[in-house]
Amino acid sequence: MHCDPRFSRVREVFERHFADGEELGAAFAVYQDGELVVDLWDGVADRNTGRPWERDTPAFAYSCTKAVTATVLLQLAERGLVDVSAPVAEVWPEFAARGKAAITVEHLLTHQSGLPVLEEPVPVEEFEDQAAIAARLAGQEPLWEPGTAHGYHALTYGFLVGEVIRRVTGKSVGELVAAEIAGPLGLEMWVGAPDDVIPRTARLKAAERPQALKVTEAGAAPTGEGAAPTGAGPTTTGAGPAATGAGPAATGAGDGGQGRPDDLVAAMTRAALDPQSLMNRALGNPAMHRVQGGANNPVILRAGWPAAGLVTTARGLAGFYRSLAAGDILRPETLRDATRTRVNGPDRVLLLDTAFGLGYMRPSLTFLMPSGSAFGHSGMGGSIGLGDPERGLGIAYVMNKMANALSGNLRGIRLVEAVYQSL
């Protein structure tokens, strides 16, 4: 392990989490101005076997994937292969069906397309067939007028953006990440884990369900190792087919977003407990829990869903943001535009306001950041990846003891705060 003395506070926080029993296994990494100043790991990668967490142990990072997928699309936009402001149907003609002809690529990236839900259950046989899942979405009608509201597309985001990428290049997000980002930069990250990576991936332990929802740590994933992780995103909101979400705030999750509830916690509880709420419908299909072990199952680790399929080390994910902030992946002007907030406020799926640029989360209640220049994406259970070009930072946290926190988790947030306090 390595920690620059300037960041000793970070190491103290990391070690305290283990001493207090808050962690099972975890890793945290920080790059500053291109230098790896923090590279910490500890604990066990598999509590059943006692396998230790090693320097190269990767973890499934859920919605941290979304920022990586957005970056792949933005690379294509830089090359003139995709026009973010153009209708999706220009590259995916079938998508125009049922009132979707005017939906733009930007609407997909900003969760405004009105397609947060796959209406029919996706069979397990299709879990590794992203084109088939995308075809289901092409046949659906938007739940609201595209561009007039936003609602977190927890899983559909990836199938929609991923299909645009596939139509343009003939390749999957995972193939392009390997060829254009992870491979050239030497990053330990995969959207869809190779067979030789799966055995050393950390085994997730689902969060315990709390007695009551709290605004600061709201909700819970269903209990049981690997069972909860069915959705994708920073918010964990409890019982039902889906366990997570993250994104812009819902104005009445479960009621289609009609009217902001007076009692936010009560509304979140109702939505979490209602299998038919928009929240649970968005977060629970395709349902990872339909395969044994949920997100621990090789089928899920290998599938490479572009909204929730990232397998990465903390060092790999932090290195991704280091390279983004340095202009090595996207041109600085592209990144500045992509991190400009496009949507901010009430969400039709979830309950707390969040903010998005083009696929990247911006500081909000579900992306708690000490800096207004930070961008990135958190993932269900607590994973966090972020960059801060103004401070030259790339930061990432991954773990296997899933949290029930609303955005990232308090462990990850404490570590990020310690980094900024050390600057």
Side-chain angles (χ1 to χ4, degrees), residues 62-70 72-73 84 88 92 95 100 103-120 122 130 133-165 173 191 230-235 237 241-251 253-254 256-257 271 277-288 305-310 342-362 364 366-367 377-380:
Y62 288 97
S63 278
C64 292
T65 318
K66 290 182 174 68
V68 178
T69 295
V72 170
L73 189 138
V84 172
V88 173
W92 181 4
F95 185 78
K100 301 193 298 301
I103 293 177
T104 66
V105 175
E106 181 171 339
H107 289 150
L108 303 186
L109 290 168
T110 55
H111 305 266
Q112 295 186 84
S113 73
L115 296 166
V117 171
L118 278 151
E119 299 290 1
E120 298 295 328
V122 176
Q130 294 177 32
I133 299 174
R136 292 175 177 270
L137 289 165
Q140 292 184 190
E141 182 178 351
L143 297 183
W144 62 79
E145 183 181 348
T148 63
H150 65 284
Y152 190 62
H153 290 41
L155 293 169
T156 60
Y157 167 99
F159 301 120
L160 293 166
V161 178
E163 184 63 9
V164 170
I165 291 169
V173 171
V191 179
T230 57
T235 308
T237 52
T244 69
T251 56
S277 71
L278 189 56
M279 178 187 291
N280 274 325
R281 289 165 59 207
L283 301 173
N285 186 27
M288 293 184 188
W305 293 350
L310 181 67
R342 302 306 209 282
V343 293
N344 184 9
D347 174 283
R348 295 246 179 171
V349 175
L350 303 177
L351 286 174
L352 293 180
D353 295 0
T354 63
F356 283 94
L358 296 179
Y360 303 116
M361 298 187 85
R362 299 303 324 284
S364 66
T366 51
F367 191 59
H377 218 292
S378 49
M380 174 174 128

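By convention here, the first residue in the shown sequence is residue 1. No experiment lies behind these values; they were computed from the predicted model shown.
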- Step by step, would you call V88 with T104 a side chain to side chain contact (heavy atoms under 4.5 Å, CB included)? CA-CA 5 Å; V88 173; T104 66; 5.7 Å; no
- Dump the intermediate steps for side chain to side chain contact (heavy atoms under 4.5 Å, CB included) on M361 and F356, then the final yes or no. CA-CA 5 Å; M361 298 187 85; F356 283 94; 3.6 Å; yes
- Task: Give, for atom OH of Y152 and atom CG of L283, the distance between the pair rounded to the nearest 0.5 Å.
- Result: 8.0 Å
- Ignoring hydrogens and angles, tell me if any N or O in the side chain of N285 forms a donor-acceptor pair with the backbone of V122 under 3.5 Å. yes
- Task: Show your reasoning for whether side chain to side chain contact (heavy atoms under 4.5 Å, CB included) applies to H153 and L160.
- Result: CA-CA 10 Å; H153 290 41; L160 293 166; 4.1 Å; yes
- Message: On a heavy-atom basis, which atom in P142 and which in S113 lie closest, and how many Å separate them?
- Response: CB-O, 3.7 Å
- Partners meeting salt bridge (Lys or Arg N to Asp or Glu O under 4.0 Å) with E119 (sequence neighbours left out): R281
- Query: Sub-3.5 Å donor-acceptor pair from the side chain of H150 to the main-chain atoms of G345, do we have one?
  - Reply: yes
- Measure the spacing between CG of L137 and CG of L118 and express it to the nearest 0.5 Å. 4.0 Å
- Is there a donor-acceptor contact under 3.5 Å from the side chain of H111 to the main chain of Y157? no
- Query: Do P286 and I133 come close enough that some side-chain heavy atom pair is under 4.5 Å?
  - Reply: yes
- Task: Under the side chain to side chain contact (heavy atoms under 4.5 Å, CB included) rule, what do L358 and L73 come out as? Steps first, then yes or no, please.
- Result: CA-CA 10 Å; L358 296 179; L73 189 138; over 6 Å; no
- Give the minimum heavy-atom separation between W144 and G151, together with the two atoms involved. CZ2-N, 3.5 Å
- Task: Without swapping roles, check the side chain of K66 against the backbone of A154 for a donor-acceptor pair under 3.5 Å.
- Result: yes
- Note on the structure: Of all heavy-atom pairs linking G357 and T110, the shortest is O-CG2, 3.4 Å
- Note on the structure: CH2 (W305) and CG (L155) are apart, to the nearest 0.5 Å, by 6.5 Å
- Query: Any sub-3.5 Å donor-acceptor pair from Q130's side-chain atoms to G158's backbone N or O?
  - Reply: no
- Task: Measure the spacing between CG of N280 and CG of L278 and express it to the nearest 0.5 Å.
- Result: 9.5 Å
- Task: Please identify each residue that fulfils salt bridge (Lys or Arg N to Asp or Glu O under 4.0 Å) with R342, with sequence neighbours left out.
- Result: E106, D337
- Message: To the closest 0.5 Å, what do you measure between NE2 (H107) and CG (L109)?
- Response: 10.5 Å
- Query: Considering only heavy atoms from C-beta outward, does the side chain of L115 approach that of L143 to under 4.5 Å?
  - Reply: no
- What pair of heavy atoms forms the shortest contact from G379 to C64, and how long is it? N-SG, 3.8 Å
- Can you measure from OG1 (T69) to CZ (F159) and round to the nearest 0.5 angstrom? 10.5 Å
- Query: For the side chain of T65 and the backbone of G309, is there at least one donor-acceptor N/O pair under 3.5 Å apart?
  - Reply: yes
- Identify the two heavy atoms, one from V173 and one from G162, that lie closest to each other, and give their separation to 0.1 Å. CG2-CA, 4.0 Å
- Heavy atoms of A138 and W92 approach each other most closely as CB-CZ2, 3.8 Å
